[in-house]
Amino acid sequence: MTDFGSALYSALSGAFVEMNGLTAWEAVAVVLAIAYLWLAMRGSVWCWAAALFSTAIYTMLFWEVALLMESVLNVYYMLMAVYGYWLWTRGGDTNGVEVISWSLPRHCMLIGVTAAISAIVGHLMATYTSASYPYLDAATSCFAVVTTYLVAKKVLENWLYWIVIDFVSIYLYLNKGLMLTSMLFILYVGMAIGGYFLWRTNMRTQSAQESGHYSYE
């Protein structure tokens with residue numbers, strides 16, 4: 001019990017120190033990232049605006065600290081924010097795209113291809129760089145790229161992907177001593193679970209409305 005109390009105190013102290021070290025820009029980026037997830041859960045098109053500004057800030061911050069690949073990844077997220085906004089509004093309103101569900105074989109194929117690419121990227125990182133946990137790092141990055149596309153397409157199962165990605169990310173951040181970021185990703189896991197159930201409810205409502213419409217005709 002004493003050891004647990006000491007570990008908890010150490011974790012909270014580390015989180016407090018890291019929180020104090022946040023810059024104003026980092027704080028804004030975190031708030032916008034949480035806003036993005038919350039709005040995405042609600043199916044609001046404004047989630048993409050929050051994503052655009054959040055990733056723009058992260059692009060700048062990562063470039064400043066020479067995390068060039070992270071910076072490039074956030075440029076991709078910026079482009080996906082623009083694409084997601086266009087896709088969700090192309091029908092003339094915020095419901096331009098309805099929530100859909102992909103079949104298990106389609107997900108298995110997507111997972112298999114992405115895992116293969118992750119393994120190749122991880123091998124290259126392990127061989128030619130000094131990256132920590134290269135295979136897990138590559139996997140979270142590759143699957144995050146794919147899953148962001150699923151969000152834009154409003155594929156219900158994107159939230160299940162995020163849950164797994166976030167859990168792996170928590171493990172990585174804990175092992176690197178990034179306590180505040182780990183706590184943030186624990187919040188992300190809860191929001192992803194909530195997002196899945198909200199989108200599933202919306203999808204069933206859409207299906208019921210369409211069935212009623214067609215039966216009426």
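With a 6.0 Å radius and a threshold of 12 heavy atoms from other residues, nucleotides or ligands, Phe53 has its CZ atom at or below the threshold. Counting non-hydrogen atoms of other residues, nucleotides and ligands closer than 6.0 Å to CH2 of Trp102 gives a total above 12. Residue Phe167 places its CZ atom among 12 or fewer non-hydrogen atoms of other residues, nucleotides or ligands, all under 6.0 Å distant.
How far CD1 of Ile170 is from CG of Leu172: 10.0 Å, rounded to the nearest 0.5 Å. The line from OG of Ser118 to NE2 of His123 is 14.5 Å long, rounded to the nearest 0.5 Å. Atom CG of residue Leu198 and atom CH2 of residue Trp159 lie 8.5 Å apart, to the nearest 0.5 angstrom. Taking CG of Leu32 as the reference point, atom OG of Ser54 lies at 5.5 Å (rounded to 0.5 Å). Annotation: the span from Ile34 atom CD1 to Met191 atom CE amounts to 7.0 Å, rounded to 0.5 Å. Atom-to-atom distance recorded for Leu136:CG and Asn175:CG is 9.5 Å, nearest 0.5 angstrom.
For Val121, the side-chain contact (heavy atoms from CB on, under 4.5 Å) test picks out Ile117, Met125, Ala138, Cys142, with sequence neighbours left out. For the ring pair (Phe, Tyr, Trp, His ring centres under 6.0 Å) test, residues two or more places apart in sequence or in another chain that qualify with Trp48 are Tyr36, Trp88. Every side-chain contact (heavy atoms from CB on, under 4.5 Å) that Ile193 has, sequence neighbours left out, goes to Ile163, Val189, Phe197.
Residues Leu156 and Leu37 are members of one and the same hydrophobic cluster, defined by side-chain heavy-atom contacts under 4.5 angstrom among Ile, Leu, Val, Met, Phe, Trp and Tyr. Linking ILVMFWY residues whenever their side-chain heavy atoms come closer than 4.5 Å, directly or via other members, leaves Val28 and Met78 in distinct clusters. Linking Ile, Leu, Val, Met, Phe, Trp and Tyr whenever their side-chain heavy atoms come within less than 4.5 Å puts Met41 and Trp46 in one cluster. Linking Ile, Leu, Val, Met, Phe, Trp and Tyr residues whenever their side-chain heavy atoms come within less than 4.5 Å leaves Tyr188 and Val168 in two separate clusters. Taken together through direct or relayed side-chain contacts under 4.5 Å among Ile, Leu, Val, Met, Phe, Trp and Tyr, Leu150 and Tyr196 form part of one hydrophobic cluster.
Looking at Tyr171 and Tyr133, their side chains come closer than 4.5 Å, going by heavy atoms from C-beta outward. A heavy-atom distance below 4.5 Å is found between the side chains of Tyr83 and Tyr149. Under the 4.5 Å side-chain criterion, counting only non-hydrogen atoms from C-beta, Val45 is not in contact with Trp86. At least one side-chain heavy atom of Asp137 sits under 4.5 Å from a side-chain heavy atom of Ser141. Looking at heavy atoms from C-beta onward, Leu52 lies out of side-chain contact with Tyr85 at the 4.5 angstrom threshold. Side-chain atoms of Thr59 and Tyr76, non-hydrogen and from C-beta on, never get closer than 4.5 Å to each other.
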Quiz item: After noting the C-alpha distance and the side-chain angles of Val151 and Trp162, does the key distance pass the side chain to side chain contact (heavy atoms under 4.5 Å, CB included) rule?
Solution: CA-CA 10 Å; Val151 176; Trp162 281 128; 3.4 Å; yes
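Clustering of Ile, Leu, Val, Met, Phe, Trp and Tyr side chains at separations under 4.5 Å places Leu124 together with Ile120, Tyr128. Hydrophobic cluster membership for Leu79: none, as no Ile, Leu, Val, Met, Phe, Trp or Tyr side chain comes under 4.5 Å of it.
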Quiz: residues 104-112 side-chain donor-acceptor pairs under 3.5 angstrom, not counting sequence neighbours:
from: His107; atom 1: ND1; to: Tyr161; atom 2: OH; distance (Å): 2.8
from: His107; atom 1: NE2; to: Glu157; atom 2: OE1; distance (Å): 3.2

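Minimum interatomic distance between Phe143 and Ala115 (heavy atoms only, all atoms of both residues): CZ-N, 3.9 Å. Smallest separation of non-hydrogen atoms from Tyr77 and Val145: OH-N, 4.5 Å. Summarising the geometry of Gly43 relative to Trp199, their closest heavy-atom pair is N-NE1, 4.3 Å, with the distance given to 0.1 Å. Across every non-hydrogen atom of Ala51 and Thr55, the tightest pair is O-OG1, 2.7 Å.
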